[in-house]
Trainee: 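Following this message is one structure expressed as C-alpha cells.
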Amino acid sequence: SSAYISLLQCCIQKRALQETKLIHTHMNKTGFKPDILVYNTLANAYVKCGSVVDARNVFDKMTDRNVCSWSLMISAYSRHGPHREALGMFRQMQNYIEPNHYSFTSVMPACGELKLLEQGMEIHEQIIRYGYERHGVVANALLDMYAKCASMENARKVFDKMSQRDVVSWTSMIVGYMQQGLVDEARRLFDEMPQRDVASWNATIAGFAQNGFVDEAVKLFDEMPQRDVVSWNAMISAYGQNGIVDGALRIFREMPERNAYSWNAMIAGLVQNGLVDEALKLFHEMPQRDVFSWTALITGFARNGLVDEALKVFKKMPGPDVVSWNAMIAGLAQNGHAREALKLFQQMQLSGVKPDSKVFPSVLSACANLAALEQGMEIHKQIVEFGFQSD
RNA sequence: GCAGUGUCUGUUC
C-alpha cells in the first residue's frame with residue numbers, strides 16, 4: 001500500500017499520466033484492494049496529470065470516501081471544468097459529510113468562473129457559519145470569487161477585514177480592478193503591495209494590456225526580476241491584442257521556452273490582426289494542436305470571408321466544444337450565411353453540446369437577417385429558459 | 001495525516 005503511494009507520488013511530481021495508468025492497472029490485475037488513502041492518491045495523480053475523467057472513474061468506484069476525496073474532485077472540476085460539476089459535487093458531498101476549509105476553497109473558483117455571485121454569497125454565509133472566514137486561504141478564495149464576479153465592493157470588504165494579506169490576496173484584487181477597467185486602482189495596489197511574486201507581475205502586465213496600456217505592460221515586463229513562460233505568453237497577447245504583431249512575433253521568437261499557450265496566443269494574435277496565412281503556418285508548425293488552436297483558426301478564416309475554409313477546419317477538428325461551435329456559427333452569421341448558421345445551431349444541440357450565452361447574439365442576428373420571426377421567437381424562448389441557469 | 005486560493009491562449013461584445 002505504501003509502495004503504491006510512493007510510486008503515485010512520483011507520478012504526481014512528474015505529471016506522468018501513462019505511469020499512473022500502469023500503476024492503476026497493476027493494482028487491478030493483482031487483486032489489490034486499495035484503501036481510501038491509496039484511492040485518493042490515485043485520483044489526485046490523475047488530476048495532476050490532467051485527466052479529470054480518470055480521476056472521476058476512480059472516485060466513482062470508491063465505496064468509502066472522506067472529505068479529502070470530495071475536495072479533491074471539487075477542486076479538479078474548479079480548475080479544469082466543467083465548473084458546474086464542482087458546484088454539483090459540493091452540494092452532493094453534504095449529503096454524506098461535512099465540508100471543511102479545503103472543500104470551501106475548492107468550490108470558490110467555480111463560482112468565480114461561472115460568475116455566480118448569488119451562489120458565492122450563499123457559500124460565504126456557510127463559511128461564516130462554519131467559522132472559517134478568518135482562515136487565510138479561505139478568505140483569499142472568497143475575495144477572488146467576488147473579484148471574478150465583478151463585485152469589487154465585496155472583494156474589498158473581505159480584503160480589508162483580513163488580518164494577513166499575502167501575494168495571492170493582493171493579486172486577486174489587482175485582477176479584479178483590471179477586469180473592471182479600474183486601472184489606476186489596480187496600479188495603486190500593485191505599487192503598494194509589500195511583496196510581489198512572478199504571478200503578481202504577470203497579472204498586472206496582462207491587466208494593463210487588456211486595458212490597452214501596452215507601454216505599461218512592456219515597462220513592467222522589462223522591470224520584473226524574474227520571468228516565467230507565463231510572463232512571455234502575457235506579452236505575446238499584450239502585443240497581439242493591441243495590434244502590434246511584430247512585437248508579438250519578436251517575443252515569440254525570443255522566449256526561452258514555449259508551451260501550448262504561447263503558440264495559441266501567437267496564432268490568435270495573427271488572426272486578430274487579419275493574418276490568417278501566417279496563423280495557418282504556425283498552426284501546422286506547432287507540436288500539439290488543441291481546441292484553442294483549431295478554434296482560433298476557424299475564426300481567422302471566417303473573419304477573412306473564407307467560410308469554406310473555416311468549415312473545412314471545423315469538420316476536421318477533433319472534439320469541438322461549445323466555443324468552437326460558437327465560433328463557426330458566428331463565422332457563418334457574419335458572412336451572410338444565416339440559414340446555415342441556424343442549422344448549425346440546431347446541429348450543435350443535437351450533438352449534445354449545450355449552448356452558452358455567447359452564441360445567442362450570432363443566432364439572433366441570423367434570424368434578423370432572414371426576417372425569421374418565428375425562429376427568432378423560438379430562440380427568444382430558449383434565451384429566457386436559459387436565463388435561469390445562465391453561465 | 002492524502003485534498004484547498006491568485007497570473008498567460010480560442011467564440012460574443
Side-chain angles (χ1 to χ4, degrees), chain A residues 5 8-9 12 35-45 47-48 66-76 78-79 100-109 112 135-145 147-148 166-176 178 197-207 209 228-238 240-241 259-269 271-272 290-300 302 320-331 333-334 356-365:
Chain A
I5 290 177
L8 287 166
Q9 301 285 11
I12 293 174
D35 57 13
I36 295 197
L37 181 55
V38 174
Y39 267 132
N40 286 349
T41 313
L42 178 61
N44 187 26
V47 172
K48 293 289 152 35
N66 62 16
V67 66
C68 299
S69 332
W70 286 96
S71 306
L72 175 91
M73 287 311 302
I74 293 169
S75 96
S78 269
R79 270 187 184 290
N100 66 8
H101 46 296
Y102 282 85
S103 332
F104 287 118
T105 22
S106 303
V107 75
M108 294 316 312
H135 187 294
V137 178
V138 175
N140 279 345
L142 255 176
L143 124 57
D144 186 67
M145 178 278 294
K148 292 272 169 20
D166 63 12
V167 277
V168 176
S169 342
W170 287 86
T171 305
S172 289
M173 289 299 289
I174 291 171
V175 171
M178 285 295 196
D197 64 5
V198 65
S200 21
W201 286 88
N202 293 342
T204 311
I205 288 172
D228 62 10
V229 64
V230 176
S231 329
W232 292 88
N233 291 345
M235 286 309 297
I236 296 176
S237 298
Q241 287 158 358
N259 61 16
Y261 281 75
S262 329
W263 288 89
N264 290 335
M266 193 61 245
I267 289 172
V271 161
Q272 281 154 18
D290 61 18
V291 64
F292 286 81
S293 342
W294 287 92
T295 307
L297 199 61
I298 291 170
T299 302
D321 66 4
V322 63
V323 179
S324 328
W325 285 92
N326 287 352
M328 194 60 248
I329 292 167
Q334 286 155 9
D356 73 7
S357 60
K358 293 224 171 42
V359 77
F360 291 121
S362 322
V363 172
L364 284 177
S365 90

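By convention in this document, chain letters (A, B, ...) are assigned in the order of the sequence lines, proteins followed by strands, and residues within each chain are numbered from 1. In this text the structure is predicted, and so the values were computed from the model without any measurement. All values below come from the heavy atoms of this structure, side chains included, with hydrogens, waters and symmetry mates left out.
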Trainee: Starting at atom CG of A:Asn100, determine the distance to atom C1' of B:rA3, rounded to an integer number of angstrom.
Mentor: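 Those two atoms, CG and C1', are 8 Å apart.
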Trainee: What's the spacing between A:Ile74 CD1 and A:Thr105 OG1 if we round to 0.5 Å?
Mentor: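 It is 9.5 Å, given to the nearest 0.5 Å.
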Trainee: Once you round it to whole Å, what is the distance between P of B:rG6 and NZ of A:Lys148?
Mentor: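 Result: 6 Å.
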Trainee: Specify the separation, in whole Å, of atom OH of A:Tyr261 and atom P of B:rG10.
Mentor: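 Result: 10 Å.
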Trainee: Using a 4.0 Å heavy-atom cut-off, does A:Asp290 contact any base of the nucleic acid, only the sugar-phosphate backbone, or nothing at all?
Mentor: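 No contact.
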Trainee: Take atom CD1 of A:Ile205 and atom P of B:rU9, then tell me their distance rounded to the nearest Å.
Mentor: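 Taking CD1 of A:Ile205 and P of B:rU9, I get 13 Å after rounding.
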Trainee: Could you tell me how far apart A:Trp232 (CH2) and B:rU9 (C1') are, to the nearest whole angstrom?
Mentor: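 That distance rounds to 18 Å.
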Trainee: With rounding to the nearest 0.5 Å, note down the distance linking CG in A:Leu297 to CH2 in A:Trp294.
Mentor: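 It comes to 8.0 Å.
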Trainee: What about A:Ser106, does its side chain sit under 3.5 Å from the base of B:rG4 through a donor-acceptor pair?
Mentor: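 Not at all, since no donor on one side and acceptor on the other fall under 3.5 Å apart.
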Trainee: Which listed nucleotide (B:rG4, B:rG6, B:rU9) is nearest to the side chain of A:Val168?
Mentor: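 Closest nucleotide to the A:Val168 side chain: B:rG6.
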Trainee: Specify the separation, in whole Å, of atom CD1 of A:Ile74 and atom C1' of B:rU5.
Mentor: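 So the two atoms are 14 Å apart, to the nearest Å.
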Trainee: For A:Asp197, answer base if it contacts any base atom (sugar-phosphate contacts may also be present), sugar-phosphate if it contacts only those atoms, and nothing otherwise; contact means non-hydrogen atoms under 4.0 Å.
Mentor: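 The residue A:Asp197 makes base contact.
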Trainee: Any N or O donor-acceptor pair linking the side chain of A:Asp321 to the base of B:rG10 at under 3.5 Å?
Mentor: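 In this structure, the two groups form a donor-acceptor pair.
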Trainee: Give A:Thr204 one of three labels, base, sugar-phosphate or nothing, depending on what nucleic acid heavy atoms sit under 4.0 Å from its own.
Mentor: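 A:Thr204: no heavy atom of the nucleic acid under 4.0 Å.
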Trainee: A:Val323 side chain: which of B:rA3, B:rG4, B:rG10 is closest?
Mentor: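 Shortest atom-to-atom distance from the side chain points to B:rG10.
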Trainee: Among B:rU9, B:rC2, B:rU11, which nucleotide has an atom closest to any side-chain atom of A:Thr41?
Mentor: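 That would be B:rC2.
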Trainee: State which of B:rA3, B:rU11, B:rU9 makes the closest approach to the side chain of A:Ser237.
Mentor: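 Closest nucleotide to the A:Ser237 side chain: B:rU9.
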Trainee: Counting the atoms with a prime plus P, OP1 and OP2 as sugar-phosphate, which does A:Val291 contact under 4.0 Å by heavy atoms, base, sugar-phosphate, or nothing?
Mentor: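 Base contact - A:Val291 has a heavy atom under 4.0 Å of at least one base atom.
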Trainee: Base, sugar-phosphate, or nothing: which does A:Val175 touch, judged by heavy atoms less than 4.0 Å apart?
Mentor: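 Sugar-phosphate contact only.
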Trainee: Is there a donor-acceptor pair under 3.5 Å between the side chain of A:Ser324 and the backbone N or O of A:Thr295?
Mentor: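 Between the backbone of A:Thr295 and the side chain of A:Ser324 there is no qualifying donor-acceptor contact (under 3.5 Å).
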Trainee: State, without any angle test, whether A:Asn202 and A:Asn233 hold a side-chain donor-acceptor pair at a distance under 3.5 Å.
Mentor: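 Judged by distance alone, the side chains do not pair up.
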Trainee: Indicate yes or no for a side-chain donor-acceptor contact from A:Asp144 to the backbone of A:Ala147 under 3.5 Å, with no hydrogens or angles considered.
Mentor: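 Looks like no, no N/O pair under 3.5 Å.
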Trainee: Side chain of A:Asn202 only, please: which of B:rU11, B:rU7, B:rU5 is the nearest?
Mentor: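 Among the listed nucleotides, the one closest to the side chain of A:Asn202 is B:rU7.
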Trainee: Please list, chain by chain and in numerical order, all residues satisfying side-chain contact (heavy atoms from CB on, under 4.5 Å) with A:Asp166, sequence neighbours excluded.
Mentor: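 By the side-chain contact (heavy atoms from CB on, under 4.5 Å) rule, A:Asp166 matches A:Asn140, A:Val168, A:Ser169.
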Trainee: From the options B:rU9, B:rC2, B:rU5, select the nucleotide whose nearest atom is closest to the side chain of A:Asn264.
Mentor: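 Selected nucleotide (nearest to the side chain): B:rU9.
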Trainee: Determine the contact category for A:Val167: base if any of its heavy atoms lies under 4.0 Å from a base atom, sugar-phosphate if only primed atoms, P, OP1 or OP2 are that close, otherwise nothing.
Mentor: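 The residue A:Val167 makes base contact.
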Trainee: Regarding B:rC8, can its base be found pairing with the side chain of A:Asp228 as donor and acceptor, where the two atoms are less than 3.5 Å apart?
Mentor: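 Absent.
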Trainee: If you check the A:Ser172 side chain, which of B:rG6, B:rG10, B:rG4 turns out closest?
Mentor: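 Taking heavy atoms from C-beta onward, the closest nucleotide is B:rG6.
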Trainee: Which one, B:rG4, B:rG10, B:rA3, comes nearest to the side chain of A:Thr299?
Mentor: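 Looking only at heavy atoms from C-beta outward on A:Thr299, the closest nucleotide is B:rG10.
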Trainee: Can you measure A:Asn40 atom CG to B:rG1 atom P for me and round it to whole angstrom units?
Mentor: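 Going from CG in A:Asn40 over to P in B:rG1 covers 14 Å.
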Trainee: Check every strand shown and say whether A:Ser78 touches a base, only sugar-phosphate, or nothing at a heavy-atom separation below 4.0 Å.
Mentor: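 Nothing, no nucleic acid heavy atom in range.
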Trainee: Of the nucleotides B:rU7, B:rG10, B:rC8, which one has an atom closest to the side chain of A:Thr171?
Mentor: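 The answer is B:rU7.
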Trainee: The side chain of A:His135 lies closest to which of these nucleotides: B:rA3, B:rU12, B:rG4?
Mentor: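 Looking only at heavy atoms from C-beta outward on A:His135, the closest nucleotide is B:rG4.
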Trainee: Please give, in whole Å, the distance from B:rU11 C1' to A:Gln241 CD?
Mentor: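 Distance, rounded to whole Å: 15 Å.
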Trainee: Regarding A:Ala199, tell me which of base, sugar-phosphate or nothing describes its non-hydrogen contacts under 4.0 Å with the strands shown.
Mentor: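 Base contact - A:Ala199 has a heavy atom under 4.0 Å of at least one base atom.
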Trainee: Does A:Ser71 use its side chain to pair, donor to acceptor, with the backbone of A:Cys68 at less than 3.5 Å?
Mentor: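 A pair under 3.5 Å: no.
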Trainee: Hey, is the side chain of A:Ser75 pairing donor to acceptor with the base of B:rG4 inside 3.5 Å?
Mentor: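 No, no donor-acceptor pair under 3.5 Å.
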